[in-house]
S.K.: 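Let me give you the structure first, and then I'll get to my questions.
Each residue takes its place number in the sequence, starting with 1. Note that the structure is predicted; figures quoted are calculated from it, not measured.
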Amino acid sequence: MMIKLRTYTITLFFILSFAGFIYADSVDNGQTNLYKIVKNIPSSFGKVFETNINNEENPDIIIINDIHSQSFAQKNIYSIIKHIKSEIDIDKILVEGASKGKVNSSAITDIDKNTREKLLNKMLNEGLVSGTEYFCYITNTELYGIEDSVTYMETLKQAYMLIRNENFFSVRLEKAKKDLKKLKKRFYSKDMSDFEYLFFNRTNIEPEKHCKLLLNIIDTYSIDINKYSEIHNFINITNCNIKLEPYQKNFSKDFGYLVQKMKNYAPFNVYEKFIKDCKTKNIEENLIISYKFVNKFLSQKENEYFSYIDILEQKYNLVRIFNINKYLDEEENFYNETLDKIFQTKQQKDIAFINQMIFLTEKYTKLNIDFYSFDNFSKNKNKFIETLNNTDFIKNKDELIEILNNEELSNYYNNNIKRDSIFFNNINELIEEGTTNILVIGGFHKTLLDLFNENGKKYIVIFPNANGNDNNIYKQLILDIGSYNFTTK
């Protein structure tokens, strides 16, 4: 059975720079349409990832996916909220991690403005304050919590204890991974190893290698790529990135050169508007736009050099039509089709399945598994235990089964899921119909979206641009808070 590795997929999108590189339609003049305002968030800040809205109706709530303690993402969250606020009044901003009702910010707001801004900037850069808090403190905007304090503190305590005991799990998982490594040397072909590289067990993604292996599998096993339009788009986007790599180090310098040309030849009002708009676009978009303005004023030699911008525009158009949700659906079908063709024997398939599950179990014990992977981990847990019991592949299989049945881990995740129904009820009590509301919340809350769908509530989910997902600061914060609140003599 396919285990969707959505965390990997989304991380890959960020690394390949097309999570934040999208086409923006113009907002109709004179019409305040929240759907269009959100849809047109500058691509340098983030991307609309999911919505249940049809016909451009206004959402009941805008959800920004929080990437905890990652300063790059937090700065983009601040920019997203600031951009929405510049277009339309925001009624309420809601966050997890605080009890239901207004969040007390007097400790920050009582400090004089200059000192407060310096302190907040330092905290934001170090991942110690969120982009949401930063916006509210800088603009004196009220912030509202959606937690039940008892459930939240119980979840925090569980997280604290599990992080403190993380080594207990990792030692046992490392033993199992060593057994798997030996098995793969005996029973795996190169194509099997390449297949696993494509889908899991990596932290560093090499786009060129990834694309090459993907094309090799498609060719070797006669996969009909026409069935997978978004995977095909993904390959083309990756190829564009590979072709652009030699030029990337000069993007800023080239942009400066084109801006100077534009200053010399464009009408001042056009130049002034362009400079203002640049602040809301990334360097790639700005290169495309500036080149289109001035290419007729460039020499043949200059145009030859800037021909790489045609590749940038090709990438731009591919990303504009790229559908992440459709890609994720295609990925599952592609995975299952290629798995059956590459892994021929039951033994090979069992090893592959165990490897996948150990990969997910590791994320599960480190408390950084996303909801989709958690859902598939949960569905396949009993099959994993059965496979371990029926094979002798893993010497310490009893230790693995003990981890899978660990009540502390199970309680922690069940508590997180229970928080979703609390969030939903508190959100409904805090917001009013026809108002503009923003919820900033982490990624492990898919059940909350299910509750919105079941109750006819309209939402848009935005992913801020990110440059990785490092949980170390977040974990340290939990440990620090936990040691203050929960340690006993």
S.K.: Any idea which heavy atoms bring Leu94 and Ile61 closest together, and the distance?
M.R.: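 Taking Leu94 first and Ile61 second, the nearest heavy atoms are CD1-CD1, 4.4 Å.
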
S.K.: Answer yes or no on whether Lys209 is positioned over the face of Tyr197, meaning its NZ or CZ is under 6.0 Å from the six-membered ring centre and within 45° of the axis.
M.R.: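 Yes - Lys209 lies over the ring of Tyr197, closer than 6.0 Å to its centre and within 45° of its axis.
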
S.K.: How long is the gap from CD1 on Ile431 to NZ on Lys457, to the nearest 0.5 Å?
M.R.: 6.0 Å

S.K.: In sequence, state the C-alpha distance, the side-chain angles, and the governing distance for Lys326 and Ser229, and then conclude on side chain to side chain donor-acceptor pair (under 3.5 Å).
M.R.: CA-CA 9 Å; Lys326 187 178 177 185; Ser229 59; 3.1 Å; yes

S.K.: If every non-hydrogen atom of Pro464 is compared with every non-hydrogen atom of Ala73, which pair is closest and at what distance?
M.R.: CB-O, 3.9 Å

S.K.: Applying ring-ring contact (aromatic ring centres under 6.0 Å, His included), can you list everything that pairs with Tyr78, at least two apart in sequence or on another chain?
M.R.: Tyr134

S.K.: Main chain of Tyr221, side chain of Lys341: is a donor-acceptor contact present, judged purely on distance under 3.5 Å?
M.R.: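 Confirmed, Lys341 side chain pairs with Tyr221 backbone.
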
S.K.: Give a yes-or-no answer on whether the side chains of Glu313 and Tyr291 include a donor-acceptor pair shorter than 3.5 Å.
M.R.: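 Tyr291 and Glu313 do not have a side-chain donor-acceptor pair below 3.5 Å.
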
S.K.: Do other residues, nucleotides or ligands put more than 12 heavy atoms under 6.0 Å from the CD atom of Gln344?
M.R.: yes

S.K.: Under a 3.5 Å distance rule, please check whether Asn58 uses its side chain to pair with a backbone N or O of Leu34 as donor and acceptor.
M.R.: yes

S.K.: Checking the side chain of Asn380 only, and the main-chain atoms of Asn376 only, is there a donor and an acceptor separated by less than 3.5 Å?
M.R.: yes

S.K.: Atom OH in Tyr247, atom CG in Leu312: separation rounded to 0.5 Å?
M.R.: 10.5 Å

S.K.: Looking only at side-chain N and O atoms, does Asn437 offer a donor or acceptor that is under 3.5 Å from a partner on Thr435?
M.R.: yes

S.K.: Report the C-alpha separation of Phe234 and His210 in whole Å, then their side-chain angles, then the decisive distance to 0.1 Å, and conclude whether the ring pair (Phe, Tyr, Trp, His ring centres under 6.0 Å) test is met.
M.R.: CA-CA 11 Å; Phe234 167 77; His210 182 97; 5.5 Å; yes

S.K.: Between Gln74 and Asp66, do the side chains contain an N or O donor and an N or O acceptor separated by less than 3.5 Å?
M.R.: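 Result is yes, a qualifying pair exists.
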
S.K.: Going by side-chain contact (heavy atoms from CB on, under 4.5 Å), name the residues that satisfy it together with Thr361, two or more places apart in sequence or in a different chain.
M.R.: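 Only Leu173, Thr365, Phe377, Phe384, Ile403, Leu404 meet the side-chain contact (heavy atoms from CB on, under 4.5 Å) criterion with Thr361.
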
S.K.: So, the side chain of Lys92 versus the backbone of Leu430: is there a donor-acceptor pair under 3.5 Å, distance only?
M.R.: yes

S.K.: May I ask you to decide whether Glu330 forms a salt bridge with Lys227, counting only side-chain N to carboxylate O separations under 4.0 Å?
M.R.: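 No.
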
S.K.: Give a yes or no on whether the backbone of Glu332 and the side-chain of Asn336 come within a donor-acceptor separation of less than 3.5 Å.
M.R.: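 Yes, because the side chain of Asn336 sits within donor-acceptor range (under 3.5 Å) of the backbone of Glu332.
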
S.K.: Any salt bridge linking Glu147 with Arg419? Criterion: basic side-chain nitrogen under 4.0 Å from a carboxylate oxygen.
M.R.: yes

S.K.: Would you find a donor on one side and an acceptor on the other, under 3.5 Å apart, between the side chain of Asn76 and the backbone of Asn465?
M.R.: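 At least one qualifying donor-acceptor pair exists.
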
S.K.: Using 30° and 60° as the class boundaries, would you call the ring planes of Tyr459 and Phe452 parallel, tilted or perpendicular?
M.R.: tilted

S.K.: Only distances under 3.5 Å count here; give the side-chain donor-acceptor pairs of residues 440-449 to other protein atoms, sequence neighbours excluded, each with its distance to 0.1 Å.
M.R.:
| residue | atom | partner | partner atom | Å |
| --- | --- | --- | --- | --- |
| His445 | ND1 | Asp420 | OD1 | 2.7 |
| His445 | NE2 | Glu96 | OE1 | 3.3 |
| Lys446 | NZ | Asp450 | OD1 | 3.1 |

S.K.: Using a distance-only test with no angle check, is there a side-chain donor-acceptor pair under 3.5 angstrom linking Asp254 and Tyr305?
M.R.: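 Indeed, the side chains of Asp254 and Tyr305 share at least one donor-acceptor pair under 3.5 Å.
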
S.K.: Okay, side chain of Ser290, backbone of Asn286: is any donor-acceptor separation there less than 3.5 Å?
M.R.: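 Side chain of Ser290 to backbone of Asn286: a pair is present.
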
S.K.: List the atom of Ile283, the atom of Ser252, and the distance in Å for their closest heavy-atom pair.
M.R.: CD1-CA, 4.2 Å

S.K.: With distance as the sole test, does Asn33 use its side chain to make a donor-acceptor pair with the main-chain N or O of Lys36 at under 3.5 Å?
M.R.: yes

S.K.: Between Glu133 (side chain only) and Ser130 (backbone N and O only), is there a donor and an acceptor less than 3.5 Å apart?
M.R.: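 Answer holds: yes.
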
S.K.: If we check ring pair (Phe, Tyr, Trp, His ring centres under 6.0 Å) with Tyr335, which of these qualifies: Phe195, Phe343, Tyr228?
M.R.: Phe195

S.K.: I'd like to know if the side chain of Asp91 and the backbone of Thr436 have a donor-acceptor N/O pair within less than 3.5 Å.
M.R.: yes

S.K.: Please indicate whether Glu304 has more than 12 foreign heavy atoms, meaning atoms of other residues, nucleotides or ligands, lying under 6.0 Å from its CD.
M.R.: yes

S.K.: Between Lys458 and Asn52, does the side chain to side chain donor-acceptor pair (under 3.5 Å) criterion hold? Intermediate values first, please.
M.R.: CA-CA 6 Å; Lys458 302 299 180 181; Asn52 63 355; 5.1 Å; no

S.K.: How about CD on Glu245, more than 12 heavy atoms from neighbouring residues, nucleotides or ligands closer than 6.0 Å, or not?
M.R.: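 Atom CD in Glu245 is not crowded, with 12 or fewer foreign heavy atoms closer than 6.0 Å.
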
S.K.: Around atom NZ of Lys212, are there more than 12 heavy atoms of other residues, nucleotides or ligands at under 6.0 Å?
M.R.: no

S.K.: Can you tell me if Ser299 and Glu302 form a side-chain donor-acceptor pair at under 3.5 Å?
M.R.: yes

S.K.: May I ask you to decide whether Lys184 forms a salt bridge with Glu196, counting only side-chain N to carboxylate O separations under 4.0 Å?
M.R.: yes

